[in-house]
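Heads up: the structure comes next, in structure tokens.
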Amino acid sequence: MMATKPVPAAFDEDTPRGFAFALAAYLLWGLLPFYMKAVGHIPALEVVAHRVVWSVPIAAVVLIWLGRTQDIRAAVRSPRTMGMALITAALITVNWSIYVWSIGAGRAIETALGYYINPLFSIFLGAVLLKESLDGRQKAAIALAIAAVALLAYESGGVPWVSVGLALSWGFYAFFKKSLPVGPNQGFFLEVLILTPPAIGFILYTQMAGIGHFGSTGMVDVMLLVGCGLVTAVPLMIYANGAKLLRLSTIGIMQYIAPTMIFVIAVFVFKEPFGPYKMAAFVLIWTALAIYSSSLLRSRKARKAAAFTSA
């Protein structure tokens with residue numbers, strides 16, 4: 001789903017254009033389960049391979065339009081940049097694979113939970129790996145998220161690996177993405193470019209083995225697989241441009257839009273089972289996110305007060 005770390009807007013101000021871009025991206029991500037359900041009969045790895053391949057021309061056109069192709073030339077000549085891009089490409093592959101499989105397997109509720117957990121896991125990563133300090137509210141939010149995962153583990157008799165896998169892969173992706181010395185659009189193009197050779201190889205293998213869905217199972221599957229590029233690249237690039245024009249705290253609140261839509265779709269459209277344990281886990285997560293959001297808003301007010309005092 002979302003592939004870049006939010007970038008604070010200049011002058012620490014939200015803009016209507018930035019809000020419109022970000023809202024459009026989150027709404028598209030929120031509706032993505034319908035598309036993934038439509039390709040649910042196709043193996044997840046094949047879908048991911050097509051997501052990669054058909055994202056390349058779209059990302060390339062955007063970079064040409066923006067006049068940023070020189071950044072890619074510089075990146076491919078840098079071993080450090082290519083090494084970091086290889087790591088982020090691997091992590092986004094894991095994230096996409098879990099996401100595509102879970103929607104097709106009727107586990108969209110766990111998908112929503114994973115993306116709810118993600119911002120809290122990112123805070124935890126910052127504290128552990130970057131030694132960032134946590135206030136009391138953030139610690140409480142993380143504790144509630146851990147309690148929610150533990151509750152689901154107790155219910156299922158094992159770790160809810162879909163939720164945990166999505167949160168871990170996306171959290172580490174965002175963490176390493178911060179070290180990638182290129183812009184979000186360029187970084188995305190670099191990642192799918194790295195993934196293209198193995199993706200093409202896998203697609204050719206499935207076709208030659210007679211198990212592929214590109215052409216042999218009808219034009220509907222062909223159109224759906226080609227469309228994977230659009231549903232992958234377009235929201236991501238809309239978001240990348242919107243994030244530049246919004247405060248980090250605004251993005252922090254808006255990122256709940258997509259998992260909330262996924263949750264609603266899973267329960268009321270896909271009719272996935274939602275028993276008392278899952279309900280209790282989501283109550284814990286929603287409480288944790290409310291505490292986390294209040295911490296963001298509190299920090300935002302403190303920065304405004306400090307800026308006013310120093311003016």
Side-chain angles (χ1 to χ4, degrees), residues 1-14 18 22 26 80 84 87-88 91-92 95 113-153 159-160 163-181 183-184 187 239-240 242-259 281-311:
M1 214 147 99
M2 300 159 284
T4 56
K5 184 80 171 177
V7 178
F11 309 110
D12 194 32
E13 292 182 357
D14 293 330
Y26 282 121
R80 179 181 177 276
M84 293 303 301
I87 293 173
T88 57
L91 288 167
I92 200 62
N95 185 268
L113 182 65
Y115 285 118
Y116 274 133
I117 293 172
N118 174 64
L120 303 176
F121 178 67
S122 294
I123 294 174
F124 175 77
L125 269 185
V128 173
L129 300 180
L130 301 178
K131 307 303 180 184
E132 295 176 354
S133 60
L134 299 178
D135 61 30
R137 296 187 185 193
Q138 291 172 329
K139 290 178 181 177
I142 291 172
L144 287 172
I146 293 172
V149 172
L151 187 62
L152 289 178
V159 176
S163 302
V164 173
L166 287 172
L168 288 177
S169 59
W170 187 261
F172 278 110
Y173 173 78
F175 175 80
F176 284 109
K177 188 81 169 179
K178 290 174 64 177
S179 303
L180 195 60
Y239 168 80
K244 297 177 184 177
L245 304 173
L246 292 175
R247 294 182 179 95
L248 186 60
S249 57
T250 303
I251 288 291
I253 301 299
M254 292 183 72
Q255 67 183 317
Y256 306 145
I257 294 173
F282 270 89
V283 168
L284 287 171
I285 282 295
W286 289 328
T287 303
L289 292 175
I291 294 171
Y292 165 69
S293 300
S294 69
S295 177
L296 280 179
L297 294 174
R298 186 179 181 183
S299 298
R300 178 171 168 176
K301 289 179 180 178
R303 287 195 303 270
K304 277 187 175 182
F308 179 78
T309 302
S310 61

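One distance of note links CD1 of Ile117 with OG of Ser122; it measures 11.5 Å at 0.5 Å rounding. The distance from the CG atom of Leu125 to the CZ atom of Phe175 is 6.5 Å, given to the nearest 0.5 Å. Taken from CG in Leu144 to NZ in Lys139, the straight-line distance is 14.5 Å, to the nearest 0.5 Å. Put simply, CG on Asn118 and OG on Ser169 are 8.5 Å apart, with the number rounded to the nearest 0.5 Å.
In this structure, Tyr256 has its ring center at least 6.0 angstrom away from the ring center of Tyr115.
Aromatic ring orientation, Tyr116 versus Trp286: perpendicular (interplanar angle above 60°, classes split at 30° and 60°).
You'll find the side chain of Ile87 reaches within 4.5 Å of the side chain of Leu91, heavy atoms only. You'll find the side chain of Phe124 reaches within 4.5 Å of the side chain of Val128, heavy atoms only. Between Ile123 and Glu132, every side-chain heavy-atom pair lies at or beyond the 4.5 Å cut-off. The shortest side-chain heavy-atom distance between Val149 and Pro160 falls under the 4.5 Å cut-off.
Residues satisfying the side-chain contact (heavy atoms from CB on, under 4.5 Å) test with Ala141, not counting sequence neighbours, are Leu120, Ala288, Ile291, Tyr292. Applying the side-chain contact (heavy atoms from CB on, under 4.5 Å) test to Leu168 and every residue at least two apart in sequence or in another chain returns Phe121, Val164, Phe172. Shown here are the side-chain contact (heavy atoms from CB on, under 4.5 Å) partners of Ile146, two or more places apart in sequence or in another chain: Ile142.
Among all heavy-atom pairs drawn from Arg137 and Ser294, the shortest one is NH1-OG, 3.0 Å. Nearest heavy-atom pair across Leu151 and Ala281 is CD2-N, 3.6 Å. Smallest separation of non-hydrogen atoms from Leu166 and Asn95: O-ND2, 3.4 Å. Heavy atoms only, all atoms of each residue included: Ala148 and Ile285 are closest at CB-CG1, 3.7 Å. The shortest heavy-atom contact between Leu246 and Met254 is CD1-SD, 4.0 Å. Gln138 approaches Ser133 most closely through the heavy-atom pair OE1-O, 4.0 Å.
Heavy-atom neighbours of Phe282 CZ from other residues, nucleotides or ligands within 6.0 Å: above the threshold of 12.
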Given Leu152 and Val159, is the side-chain contact (heavy atoms from CB on, under 4.5 Å) satisfied, shown in steps? CA-CA 7 Å; Leu152 289 178; Val159 176; over 6 Å; no

